[in-house]
Amino acid sequence: MNSSKGKMIATGGIIGLISAILVRFGNPVNMGVCVACFFRDIAGGLGLHRAAVVQYLRPEISGFILGSFGMAKLKGDYKARGGSSPVIRFILGFFLMVGALVFLGCPLRMILRLANGDLNAVTGLVGYVVGIYIGIQFLKMGFTLGKSTSAPQAAGYTMPILAVAIIVLLLAAPTFIFFSESGPGSMAAPWLLSLGAGLLIGGLLQRTRLCTAGGFRDAILIKDFHYMFGLIGIFAFALLGNLIFNFEAFKIGFVGQPIAHNAHLWNFLGMALAGITAVLLGGCPLRQTILAGEGDTDAVITIFGLMAGAAFAHNFGLAASPQGVGLNGKIAVMVGFVVVIAIGFSVVASVKKERASRLMKDQGGAVNVG
Amino acid sequence: MSDKIIDARGRSCPEPVIMTKNALENVGDGTVKVMVDATVAVENIKRFAVNSGFNVKVNENEEDFILTIRR
């Protein structure tokens, strides 16, 4: 028990420290690692949205996927699988990203923001936990996305191949790839360092299964704090790392925080939407990325949903900016809640109906036999 | 004494744990066997069951795992 606790704190600690180091070497402040932001940047780099300040092919993401892929292959965990409600996963992924981009960061960046004194992340954290609590209620009512089954090998390799393609495109830098000249997209650690950091985190997370949604979900649902220790590790060591490597950027408060706004209600609601969707999806964006490397094609679909969400968020002006949240973003979050809750109730209703009909069939069978 | 068999193969996190939790609620002196197909599910169920005071035995069966859980 204690060794597993130590392992989780160490895993989180490495992620926290690496995040601080990546900021030191050029990544945007409080964004050493942000899965939502980085997929958003990749969507921009590929030209899926044209927000000129957030376009870059982040090698960290390729690293997460390939690190997870390599480790899963090594340990026999790799298995091509899928077919568990792909369309619903796409939609949930889409709105997870909308929520994250209204808050300005995925749950991992929320912890990193917290570890650099950004108190807006406290509001986001409360929202995230409330969202997770709501998601758990759906799980208790029987929410399920159904079983996955074995998938063709080719499907399992989708994400690892895409990860390699991203690195190739980054290095070849053809003219159709967009690279920000200013803003967060222009701030990046050297690609080899980013890739190496990603590989290390990917391999580590494949082994330890750390998930930001899982941490809170298991603590609430089954009083298991295993993953929570990993989250505490991220926070503690990102804080330590920031104090050592980025002391000049460390600032406690709500105002003037880097790549953040203080529209409290929308920080809360954005992360609440991320929390519900992450629980219904079975994992946060970070975990989905790791699963996608292990051959889980349902996680691949979720990531495509995240990227589509990011593209729409910037094309339609849904994403927040340090100036705050626009009307479109507020509407999108509300639409997100309606859609996600409707999906939740509709799935629960189908599950109940199926159970009832199975029960009736069983009883009918018993009568016939009798 | 009741024995239950739960098929949690192909279920995403945390469904296998919830299914196990529900099955263990009225198990008494009986046994719950849970079938899963991912090591992450094996680890999560094992941790949950052991923390709840059960004994867990894991058997690997080609691509699947069978966890036998009893008091």
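By convention in this document, chain letters (A, B, ...) are assigned in the order of the sequence lines, proteins followed by strands, and residues within each chain are numbered from 1.
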In Å, rounded to the nearest 0.5 Å, how long is the span from [atom1] of [X] to [atom2] of [Y]?
X        : Y        : atom1 : atom2 : result
A:Arg217 : B:Cys13  : CZ    : SG    : 4.5 Å
B:Ile18  : A:Leu221 : CD1   : CG    : 5.0 Å
B:Phe48  : A:His226 : CZ    : NE2   : 15.0 Å

- Task: Among residues two or more places apart or on two chains, list those pairs meeting side-chain hydrogen bond (donor to acceptor under 3.5 Å, both in side chains) that have a residue in residues 128-145 of chain A.
- Result: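 For residues 128-145 of chain A, and leaving out neighbouring residues, the side-chain hydrogen bond (donor to acceptor under 3.5 Å, both in side chains) pairs sorted by first residue read A:Tyr128-A:Thr212, A:Thr144-B:Arg11, A:Thr144-B:Glu15.
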- Residue part contacting chain A, namely of B:Val50, when any heavy atom lies under 4.5 Å: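 Looking at B:Val50, nothing touches chain A.
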- Take atom CD of B:Glu63 as the centre, draw a 6.0 Å sphere, and report whether it contains more than 12 heavy atoms from other residues, nucleotides or ligands.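 Atom CD in B:Glu63 is not crowded, with 12 or fewer foreign heavy atoms closer than 6.0 Å.
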- Should we count CD1 of B:Ile5 as having more than 12 external heavy atoms under 6.0 Å?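 No, not enclosed.
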- What are the two closest heavy atoms between B:Val40 and A:Arg287, and how far apart are they?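 Result for this residue pair: CG2-NH2, 3.9 Å.
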- Any idea which heavy atoms bring B:Lys21 and A:Ile222 closest together, and the distance?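 So the minimum-distance heavy-atom pair works out to CD-CG2, 3.7 Å.
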- Check step by step if side-chain contact (heavy atoms from CB on, under 4.5 Å) holds for A:Lys147 and B:Asp7. CA-CA 10 Å; A:Lys147 287 181 176 228; B:Asp7 183 359; 3.3 Å; yes
- Please list all pairs passing the salt bridge (charged side-chain N to carboxylate O under 4.0 Å, His left out) test where one or both residues lie in residues 81-97 of chain A, with sequence neighbours left out.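 For residues 81-97 of chain A: A:Arg81-A:Glu294, A:Arg81-A:Asp296.
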- Determine whether A:Asp298 and B:Ser12 make a side-chain contact, defined as any pair of heavy atoms from C-beta on separated by less than 4.5 Å.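 Result no, sub-4.5 Å side-chain heavy-atom pair not found.
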- Task: Would you confirm whether A:Lys79, through its side chain, and B:Asp37, through its main-chain N or O, come within 3.5 Å as a donor-acceptor pair?
- Result: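 Looks like yes, one N/O pair under 3.5 Å.
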- Message: Is the positively charged end of B:Arg47 above the ring of A:Tyr227, judged by distance under 6.0 angstrom from the centroid and angle within 45° of the axis?
- Response: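 Yes, a cation-pi geometry.
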- Task: Pick out which of A:Lys7, A:Arg207, A:Arg209 makes a salt bridge (charged side-chain N to carboxylate O under 4.0 Å, His left out) with B:Glu43.
- Result: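 Running salt bridge (charged side-chain N to carboxylate O under 4.0 Å, His left out) over A:Lys7, A:Arg207, A:Arg209 with B:Glu43 returns exactly one hit, A:Arg209.
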